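Okay, structure first, notes after.
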There are 2 protein chains.
Amino acid sequence: MTEATLSIGQVAERTGMSVHALRLYERRGLLASEIRRDAAGRRLYTGGDVEWLTNCVRFRASGMSLETIGRLAELVRQGTGNEAERLELLREHQRRINEQLDQLRACLDIIDAKVSGYERHLAYGVTGDPWQSHVPA
Amino acid sequence: MTEATLSIGQVAERTGMSVHALRLYERRGLLASEIRRDAAGRRLYTGGDVEWLTNCVRFRASGMSLETIGRLAELVRQGTGNEAERLELLREHQRRINEQLDQLRACLDIIDAKVSGYERHLAYGVTGDPWQSHVPA
DNA sequence: CTAGATGCTAGATCTGGGTCTAGGTCAACA
DNA sequence: TGTTGACCTAGACCCAGATCTAGCATCTAG
């Protein structure tokens with residue numbers, strides 16, 4: 001079963017990446033498997049490639065650097081035998097995501113407080129600057 | 001009561017910013033109030049400045065751009081009367097933080113799944129690559 | 001009195017992650 | 001047949017945000 005393939009443009013469409021970025025990622029070795037080419041040298045992406053890239057997009061959105069993605073890609077390219085390393089890398093990122101969640105929640109608390117401060121301020125015409133004065137909000 | 005002031009180095013220490021960044025923020029107009037100087041031209045930060053900067057650090061960590069911080073700073077500098085605008089700006093950021101939280105959680109789910117996939121893999125010597133093969137993980 | 005921190009300004013440099021350009025190949029369709 | 005549109009490579013460019021440099025001034029402790 002010759003797997004159906006996609007052109008770079010189609011992959012861009014379904015991953016949300018630009019074709020430029022797709023080529024960049026390939027040049028930088030961020031792909032888990034080599035991309036085949038057609039007779040004219042055009043890239044042929046498989047479903048697996050798209051899946052990998054979709055994960056890359058998520059990883060990026062959660063702050064993983066291209067360098068780290070590259071390390072992970074290399075481990076996957078090497079094949080089985082380095083699962084412990086992959087796990088370590090993933091656990092590290094897991095940790096970083098949790099840190100980010102904490103930070104975001106902390107910031108959100110502050111903003112929520114300021115937002116309701118301003119809402120009160122606007123609703124009741126409270127005097128004074130809810131930011132400048134040390135009134136909470 | 002002449003408020004106690006801090007040097008730029010001290011502010012760097014307690015906000016976690018570098019002195020370079022502190023000067024940069026000032027040049028870019030990201031501060032809510034003008035920083036006084038001593039006779040020799042050295043900056044004298046007040047507690048309020050440190051508080052503002054601490055919020056800046058949080059805002060940055062949650063993805064607010066320097067430009068947006070600058071807009072907020074300007075509104076605060078202008079004094080009361082533009083609370084509605086400030087509120088709008090804060091609400092917008094609130095929205096963006098919530099989006100980020102969603103994305104992070106989504107990514108975390110994927111990573112969690114992969115992590116436990118690899119853990120199972122390592123614990124039971126399951127064969128096959130939990131990444132390559134379409135085995136969950 | 002002098003060394004060593006610490007501060008100042010203006011402007012240069014770096015980094016990460018993309019995006020864009022030039023110049024060219026190829027396929028399909030009117 | 002010839003133009004249109006998607007693709008190719010290599011390398012230039014961009015942007016935000018920070019960091020560093022040069023050259024100088026000012027304190028403070030020994």
Side-chain angles (χ1 to χ4, degrees), chain A residues 4-31 34-46 49-50 52-73 93 96 100 103 107, chain B residues 4-31 34-46 49-50 52-73 93 96 100 103 107:
Chain A
T5 59
L6 297 173
S7 73
I8 195 171
Q10 292 171 315
V11 173
E13 216 174 317
R14 49 204 86 179
T15 58
M17 299 176 64
S18 70
V19 299
H20 300 289
L22 285 168
R23 293 195 274 245
L24 176 69
Y25 277 37
E26 182 176 337
R27 268 213 302 281
R28 297 250 184 124
L30 308 188
L31 303 188
E34 199 148 346
I35 303 301
R36 286 186 301 119
R37 304 296 185 109
D38 70 7
R42 296 197 210 88
R43 292 168 177 82
L44 298 174
Y45 293 84
T46 66
D49 297 326
V50 173
W52 174 265
L53 285 164
T54 302
N55 279 330
C56 287
V57 168
R58 292 185 181 290
F59 290 165
R60 284 290 303 127
S62 60
M64 187 182 282
S65 68
L66 295 193
E67 212 222 302
T68 302
I69 293 179
R71 284 212 298 277
L72 187 54
H93 191 58
R96 291 167 47 86
Q100 285 184 73
Q103 283 192 43
C107 183
Chain B
T5 59
L6 298 173
S7 71
I8 195 171
Q10 293 171 315
V11 173
E13 216 174 318
R14 49 204 87 180
T15 58
M17 298 177 65
S18 71
V19 298
H20 301 289
L22 284 169
R23 293 195 275 243
L24 175 68
Y25 278 37
E26 182 176 335
R27 267 213 303 281
R28 296 254 185 120
L30 308 188
L31 303 188
E34 199 147 349
I35 302 302
R36 287 186 302 118
R37 304 297 185 108
D38 70 9
R42 295 197 211 89
R43 291 167 178 82
L44 297 174
Y45 294 83
T46 67
D49 297 326
V50 173
W52 174 265
L53 285 164
T54 302
N55 280 329
C56 287
V57 168
R58 291 185 182 290
F59 291 166
R60 283 291 301 129
S62 60
M64 187 182 282
S65 68
L66 295 194
E67 211 222 303
T68 301
I69 293 179
R71 284 211 298 276
L72 186 54
H93 191 58
R96 292 167 45 86
Q100 286 184 72
Q103 283 192 41
C107 183

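Naming convention: chains lettered A, B, ... in sequence-line order (proteins, then strands); numbering from 1 in each chain. Values in this document were obtained by computation on a predicted structure and should not be read as measured data.
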Integer-rounded Å distance: D:dA18 C1' and B:L22 CG: 12 Å

State which of C:dC8, C:dT19, D:dC7 makes the closest approach to the side chain of A:A21. C:dT19

To the nearest angstrom, the CD1-C1' distance between A:I8 and D:dT9 comes to 12 Å

Let's see if you can work this out: which of C:dC20, C:dG17, D:dT9 has an atom nearest to the side-chain heavy atoms of A:R37? D:dT9

A:R43 near the nucleic acid: base, sugar-phosphate alone, or nothing, with a heavy-atom cut-off under 4.0 Å? sugar-phosphate

Quick one, A:L30 and A:L24 - any side-chain contact, counting heavy atoms below 4.5 Å? no

Looking at every strand, decide which applies to A:R23 at a 4.0 Å heavy-atom threshold: base, sugar-phosphate, or nothing. base

Here the distance between atom C1' of D:dC7 and atom CG of A:L44, to the nearest Å, is 11 Å

At less than 4.0 Å, is any side-chain N or O atom of B:R27 found next to OP1 or OP2 of D:dA18? Yes or no. no

With heavy-atom distances below 4.5 Å as the criterion, would you say the side chains of B:R43 and B:V11 are in contact? no

Gap between atoms CD and C1', on B:E67 and D:dA18 respectively (whole Å): 17 Å

Quick note, B:R42 side chain, CB onward, closest among C:dC8, D:dT19, D:dC7 is C:dC8

Between CZ on residue A:F59 and CG on residue A:L72, distance to nearest 0.5 Å: 6.0 Å

Which comes earlier along DNA chain D counting from the 5' end, the contact point of B:S65 or that of B:A40, where each point is its nearest nucleotide? B:S65

Should A:S7 be listed as having a side-chain N or O under 4.0 Å from OP1 or OP2 of D:dA6? no

Gap between atoms CG and P, on B:D38 and C:dG7 respectively (whole Å): 11 Å

Of the nucleotides C:dC20, D:dT19, C:dG18, which has the atom closest to the B:S18 side chain? D:dT19

Spacing between B:I35 atom CD1 and C:dC8 atom C1', to the nearest angstrom: 15 Å

Does OP1 or OP2 of D:dA18 have a side-chain N or O of B:Y25 closer than 4.0 Å? yes

Base, sugar-phosphate or nothing for B:L24? Non-hydrogen atoms, less than 4.0 Å. base

For atom CZ of B:R23, decide whether the heavy atoms of other residues, nucleotides or ligands shown that lie under 6.0 angstrom number more than 12. yes

Quick check: on DNA chain C, is the nucleotide nearest A:R28 upstream (toward 5') of the one nearest B:E26, or the reverse? Name the residue that is more 5'. B:E26

B:M17 CE to D:dT19 P, in whole Å, measures 9 Å

Check: A:T46 main-chain N/O paired with A:D49 side-chain donor or acceptor under 3.5 Å: yes

Protein-nucleotide distance (A:Y45, atom OH; D:dC7, atom P), rounded to Å: 10 Å

